[in-house]
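A, B, ... follow the sequence lines: proteins, then strands. Residue 1 opens every chain.
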Protein chains: 2
Amino acid sequence: MTLKELSNLLGLSPTTVSRALNGYPEVSEATRKKVTAAARAHGYAPNTRARALATGRAMAIGHVIPISAKHEMVNPVFADFTAGAGEVYSKNGYDMLLSVVSDDDEEQAYRSFATKRNVDGMIIHAPSLNDQRIPFLNKLGIPYVVHGRSSNATAPYAWVDVNNTRAFQRATELLLDLGHKRIALLNGLEHMDFAARRRAGYEAALAARGVASDPALMFSGEMTEAQGHDLTRSLLAQPNPPSAILVSSMIMAIGVRRGIEELGLTMGRDVSLITYDDDLSYFRNGKDIPVYTATRSSVREAGRRASQMLIDIINGKDSPTEVLLEAELMLGMSTGPMSRD
Amino acid sequence: MTLKELSNLLGLSPTTVSRALNGYPEVSEATRKKVTAAARAHGYAPNTRARALATGRAMAIGHVIPISAKHEMVNPVFADFTAGAGEVYSKNGYDMLLSVVSDDDEEQAYRSFATKRNVDGMIIHAPSLNDQRIPFLNKLGIPYVVHGRSSNATAPYAWVDVNNTRAFQRATELLLDLGHKRIALLNGLEHMDFAARRRAGYEAALAARGVASDPALMFSGEMTEAQGHDLTRSLLAQPNPPSAILVSSMIMAIGVRRGIEELGLTMGRDVSLITYDDDLSYFRNGKDIPVYTATRSSVREAGRRASQMLIDIINGKDSPTEVLLEAELMLGMSTGPMSRD
DNA sequence: GTGATCTCCCAAAGCGCTTTGAATATCTCA
DNA sequence: TGAGATATTCAAAGCGCTTTGGGAGATCAC
């Protein structure tokens, strides 16, 4: 069913029908009623492609999901982020276009989105410290919002981020308060902006208490369960092992726990653990008492905020373009005072 | 840069330029060279919307990701499935359109994809035993592939599935071989087709050995870590607790393990555990020796197969439209002979 | 009653591409 | 050499929608 067919059916011009359906005022209420009724009855919906061509708006947002070529990994937070974004999109009539690409040819994906003109804007995921996509998209002049920040960016850009520095500073302070001095940090990949900020928060907290940071306690890499386990095993095998571990992801924390328990130790008593928690839907951190002491911020909420911001930008609304979410520190069972044995 | 601009630049007609770029034979090699060079130089790429309108093909595939309204959950396997599908799409020039909807108004999402004509086909996720989407899409006549099957469907449909029955049958047999008699099943939601098949496999194996299945040992629900933990705790608190547990998802298995270890028991010695493993990228089941004994099949591979099948269907290629993948049973550290104490 | 103002509707152009049908230039071979 | 075949190119229509610029009636002010 096309617009023309529908209008023939009604004995009206396509113009009038289009206007009736799109809520323009230059059509009488009586005909509008008739038109909408007929549209519903015949299951008519405007062809997106034709409408997009006519209006110049694709009514779609692009997300480029990079897959680490080396590790064949897709970051699990994307699922929840896109779920949050998806809510906002469907509420606003936007589609979400996903492009899953190896991180080698990510730029190509952005260029393609921009030149093929099939999206009105895009969300940038997982920015690095010195992310080239920002100047690139600035040059292309396509609206975008960054999920995270890029510390070395020179030009302004729209972003939604969590206060990673503060979150890890507070977490480290808590561990210090509990008497821990040797605190390990299992972080994300070093070139990622969030990892750098988390590390900065960790180091700032240590420095403020006069505790020297020890490179032998700091790691960065893919945040997998296996990685968490392996690093923990080797950390705890050191002659002077840490008494507390700070972890950048819940999934990694699961591995850390496995490592701790394999050694017959108890998390929270023998080794304390604080993790960053994205509040993933299938991995809620306990209902009443959190299993893990965690610094938490919902990545789904971040998805909602970022996508709403992007839609506002596209529509020329001038709402704030920089949103810093604070993580909340939740005390759970994985932390305890430094044991003196 | 539009086609017209480019053709003016070259002193050629849009027709010729279009044909040159799309590899039609009625254009000389010399001009084709010139045209492609100019296109590259000016960063020209055809406007997707216009092309879609002209060709009648959207070059996009729709995925409807349902969010359980009750639990606000997005199934973590989607991330890996879409990663696999995404590979195939980008290789074939397709975009992936994601629609994240509450499972209440899922049908609306399908209808909208179909009537708005912005996709050429779609992938159906998480089919239930008696899935209404299959007759619905058959009626609409839009190409689709189901990831999974729907046991009660009457009409034929294209699908890619894992042999869930066989996988759980073998897993149960292994546990029986190890001497376990009381084997619990922590399954997915009951109305899901995969859950029914897994249960069937489990029950068949028990029946074949003359072991009565005990409803007190069978559960179904959302496959979260917390759920796994809580069910395990209550199972092991029963007067006649199971000595082995069969779990439908890796994430749930993590929770089961937590439950087991909280009680001071050791997985694989005191309680055996076999889990279904989707081979999620961030949750690999050990490198050398699997942590969990598991029946494994890569959901990413399923994504690749399903999307390729759909593209073949769209292009009228008659390749097989039913693919049954076999899961492999991997022996890990979470299973051991029934302890006699 | 007449010009001005609304109301409601329509014809036609245009979005940027593909594709049909035709035109022109070039070859071929008797 | 010239008719027919072949190789290149082009003009124009059309995909299904929105939107501009009118235009016919009805309504209003005087």
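- Think of the region where chain A sits on DNA chain C: with heavy atoms and a 4.0 Å cut, that region ends 5' and 3' at dC8(C) to dG16(C).
- One N or O on the side chain of S150(B) and one on the backbone of L129(B) form a donor-acceptor pair closer than 3.5 Å.
- In this structure, R300(B) pairs ionically with E87(B), as a charged nitrogen and a carboxylate oxygen lie closer than 4.0 Å.
- Checking side-chain atoms of D120(B) against main-chain N and O of A58(B) turns up a donor-acceptor pair under 3.5 Å.
- Screening residues 93-126 of chain A for ring pair (Phe, Tyr, Trp, His ring centres under 6.0 Å) gives H63(A)-H125(A), F78(A)-H125(A), F81(A)-H125(A) as the qualifying pairs, with residues at least two apart or on separate chains.
- Mapping E26(B) and A50(B) onto DNA chain D via the closest heavy atom, the residue that lands nearer the 5' end is E26(B).
- In this structure, R32(B) places its CZ atom 10 Å from P of dT9(D), rounding to the nearest Å.
- M1(A) places a side-chain heavy atom less than 4.5 Å from the side chain of L6(A).
- Between D193(B) and R149(B) there is no salt bridge, since no side-chain N of the basic residue sits under 4.0 Å from a carboxylate O of the acidic one.
- Between the CG atom of L3(A) and the C1' atom of dT19(D) there is a distance of 13 Å, given to the nearest Å.
- Regarding E29(B), its CD atom lies at a distance of 11 Å from the P atom of dT9(D), rounded to whole Å.
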Dump every N/O contact between nucleotides 10-12 of chain D and the protein below 3.5 Å, one line per pair.
from    : atom 1 : to     : atom 2 : distance (Å)
dC10(D) : OP2    : S13(B) : N      : 2.8
dC10(D) : OP2    : S13(B) : OG     : 3.2
dC10(D) : OP2    : T16(B) : OG1    : 2.9
dC10(D) : N4     : R19(B) : NH1    : 2.7
dA11(D) : N7     : T15(B) : OG1    : 3.4
dA11(D) : N6     : T15(B) : OG1    : 2.7
dA12(D) : N6     : T15(B) : OG1    : 3.4

Evaluation steps, side chain to side chain donor-acceptor pair (under 3.5 Å), between R51(A) and N22(A): CA-CA 11 Å; R51(A) 165 182 271 186; N22(A) 290 316; 2.9 Å; yes
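- Sequence order on DNA chain C of the closest nucleotides to Y24(B) and L53(B) puts L53(B) first from the 5' end.
- Rounding to the nearest 0.5 angstrom, the gap separating the CG atom in L137(B) from the CZ atom in R111(B) is 10.0 Å.
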